[in-house]
Amino acid sequence: MIRVLHLCDASAGWEHRVSVGQLLARLPADEVEQSVAVVDAQARLRLGLPACRCLLFARRFNLDFLHAAWALRRFLDRRCVDLVHAWGVRAAAVAECATCADGRPVAVTLFHPIVPTRDVRFLRNIREPDRKPILCSADTVRRRLVEQGVDARRCVVIRPGVDFAAINHARKSHLRRNIGLTEDCTLIVTPEPVTRTAGHFAAFWMTAIRSFLDPGVRVVLPGASREQRRLERLARQLNLGHLVICPGSDVRFEDLIVTADVAVVVPTVEISSGSLAWAMAARVPVLGTAVRSVAEMISHDANGLLFKPLPAKRLAARLALALADRRPLDRLAEAARAQAYQVFGLGRAVAQHRRLYNNLVSGRPAGQDIADSARDGASWRPEEPQALER
């Protein structure tokens with residue numbers, strides 16, 4: 001029996017909620033005993049777990065070693081926890097403070113390729129390389145860490161798992177009707193969270209342009225953020241408020257992707273690629289920009305369309321033109337779904353985490369017998385981004 005504690009921090013988002021939930025539900029209970037804790041109260045809300053199932057080890061004055069690490073150490077000893085799976089750098093810092101004396105294994109999962117310099121410095125200098133692996137959700141995350149000096153041997157790529165059964169269930173739901181859409185509406189989904197650099201303004205402006213030809217087009221701005229509220233106000237000021245759907249936290253992002261007609265992922269910087277994996281699996285056509293984190297998964301005119309990261313309004317015009325004929329997009333989406341079956345299988349992701357835990361507890365190298373599913377016999381391979389003029 002391996003006892004694992006999942007520890008999350010304020011960086012927790014929908015990808016953390018999905019991944020932790022999958023492990024809690026799928027790992028065999030007779031082999032892996034799991035518990036969940038957070039170091040920030042807001043992380044518990046984002047995970048959607050009640051207080052009775054998710055302990056809080058609160059940090060004091062933003063310092064990891066005050067109270068949180070001390071309380072966590074007592075919990076680990078009391079429950080005989082074998083390893084800590086930290087979902088975020090701040091959670092990893094608390095776990096490191098709590099386990100530095102006994103050398104208990106700590107694994108760190110990162111979804112976003114852009115990691116602040118201070119956090120990279122911590123990851124680079126963390127002790128015992130073989131027992132402090134960094135689990136990367138994409139090769140772009142691994143590459144960025146290695147470029148900043150993190151030991152490549154510690155970086156293990158485990159692609160996120162996509163639940164195809166949940167996709168089929170969500171597709172049969174009445175979500176579109178519940179958010180105010182009619183049968184003839186075209187729903188465009190954008191990544192969560194809504195930020196200035198993730199291309200949400202371009203997606204909104206594309207929707208405004210397209211609305212002159214397709215009055216039923218709508219764009220969803222998921223989650224709750226400052227940029228999401230700014231775009232919502234802008235839409236109202238331009239008398240285009242009817243084009244924007246802001247469901248907040250009432251609707252799960254993975255369900256929004258499943259019910260969408262097109263996914264627009266057009267960042268100007270690297271982003272987390274979880275939304276792309278779910279869009280591919282849900283057979284939702286993807287329009288993206290040729291930044292590395294998008295181009296790693298989307299090949300132009302093979303399983304989606306890529307555009308140069310142009311200024312927002314120029315990019316919006318080209319995106320709107322791409323929606324003129326949906327038949328090519330449907331063909332690309334079908335190819336993307338077939339690739340998602342190979343690369344983002346839920347069973348494979350859970351099995352790789354199980355193997356990782358066994359490796360850490362037994363003292364073997366963390367990445368032993370764990371291969372990147374996008375490179376292990378799959379027909380799809382991560383590619384170098386190509387800036388495409390469309």
Side-chain angles (χ1 to χ4, degrees), residues 1-112 115 119 122-123 126-128 131-135 137 158 160-161 249 252 349-350 353-354 356-358 360-361 366:
M1 173 72 72
I2 300 176
R3 294 178 175 84
V4 179
L5 172 67
H6 299 283
L7 188 65
C8 299
D9 57 28
S11 67
W14 75 274
E15 291 175 283
H16 301 76
R17 171 176 52 78
V18 170
S19 296
V20 172
Q22 289 171 346
L23 294 178
L24 291 175
R26 300 272 179 161
L27 283 173
D30 59 338
E31 296 183 17
V32 183
E33 180 182 309
Q34 303 177 83
S35 52
V36 185
V38 296
V39 297
D40 296 282
Q42 56 185 322
R44 187 156 56 192
L45 298 176
R46 294 172 183 172
L47 292 175
L49 294 174
C52 61
R53 290 193 57 197
C54 186
L55 299 174
L56 171 63
F57 299 105
R59 296 183 295 153
R60 294 289 187 263
F61 310 110
N62 236 12
L63 297 175
D64 305 318
F65 55 85
L66 287 181
H67 183 71
W70 175 78
L72 176 60
R73 173 66 184 275
R74 292 185 60 190
F75 174 82
L76 297 178
D77 292 339
R78 186 171 64 252
R79 297 288 294 271
C80 299
V81 173
D82 296 304
L83 67 92
V84 180
H85 189 163
W87 299 79
V89 179
R90 296 270 62 79
V94 174
E96 172 68 4
C97 292
T99 62
C100 60
D102 56 23
R104 207 180 314 244
V106 175
V108 188
T109 289
L110 296 180
F111 289 102
H112 205 288
V115 182
D119 292 342
F122 164 76
L123 294 173
I126 195 170
R127 300 171 304 104
E128 300 183 27
R131 296 175 66 79
K132 299 290 191 298
I134 303 173
L135 311 184
S137 65
I158 298 183
S249 58
R252 299 187 304 177
V350 172
H353 280 91
R354 181 180 174 186
L356 172 87
Y357 297 158
N358 284 325
L360 290 176
V361 171

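Keep in mind the model is a prediction, meaning the values are calculated, not measured. The first residue of the sequence shown is numbered 1, and numbering continues consecutively from there.
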request  = Apply the test side chain to side chain contact (heavy atoms under 4.5 Å, CB included) to residues Lys132 and Val108: give CA-CA distance (whole Å), side-chain angles for both, the deciding distance (0.1 Å), then the verdict.
outcome  = CA-CA 7 Å; Lys132 299 290 191 298; Val108 188; over 6 Å; no

Report yes or no: does [X] contribute a side-chain atom to a donor-acceptor pair with the main-chain N or O of [Y] at less than 3.5 Å?
| X | Y | value |
| --- | --- | --- |
| Asp119 | Val89 | no |
| His353 | Val350 | no |
| Arg44 | Val38 | no |

Rounded to the nearest 0.5 Å, what's the gap from [atom1] on [X] to [atom2] on [Y]? Could you check?
| X | Y | atom1 | atom2 | result |
| --- | --- | --- | --- | --- |
| Asp82 | Ile2 | CG | CD1 | 6.5 Å |
| Arg90 | Cys8 | CZ | SG | 14.5 Å |
| Phe111 | Leu135 | CZ | CG | 9.5 Å |

Taking every non-hydrogen atom, the tightest pair across [X] and [Y]:
| X | Y | answer |
| --- | --- | --- |
| Val39 | Leu56 | C-CD1, 4.1 Å |
| Ala95 | Val84 | CB-CG1, 3.8 Å |
| Ala91 | Asp9 | N-OD2, 2.9 Å |
| Leu360 | Pro105 | O-CG, 3.9 Å |
| Met1 | Glu33 | SD-N, 3.5 Å |
| Gln34 | Leu23 | NE2-O, 2.9 Å |

key: Within 6.0 angstrom of Arg26 CZ, more than 12 heavy atoms from elsewhere   =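 For Arg26, atom CZ is not crowded (no more than 12 foreign heavy atoms under 6.0 Å).
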
Quick one, [X] and [Y] - any side-chain contact, counting heavy atoms below 4.5 Å?
| X | Y | value |
| --- | --- | --- |
| Pro160 | Gln22 | no |
| Asp102 | Leu76 | no |
| Leu123 | Leu110 | yes |
| Leu55 | Ser35 | no |

ask   = What orientation do Trp87 and His6 show, parallel under 30°, tilted 30 to 60°, or perpendicular over 60°?
value =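 Geometry flag for His6 against Trp87: tilted rings.
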
task = For side chain to side chain contact (heavy atoms under 4.5 Å, CB included), just list the numbers for Thr109 and His85, CA-CA rounded to whole Å, side-chain angles, deciding distance to a tenth of an Å, and then say yes or no.
result = CA-CA 8 Å; Thr109 289; His85 189 163; 2.6 Å; yes

request  = Take Leu72 and Leu5, measure what side chain to side chain contact (heavy atoms under 4.5 Å, CB included) needs, and give me the verdict at the end.
outcome  = CA-CA 10 Å; Leu72 176 60; Leu5 172 67; 3.5 Å; yes

Residues Asp40 and Arg46 bridged, charged N to O under 4.0 Å =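 Not counted as a salt bridge, because no side-chain N and carboxylate O are separated by less than 4.0 Å.
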
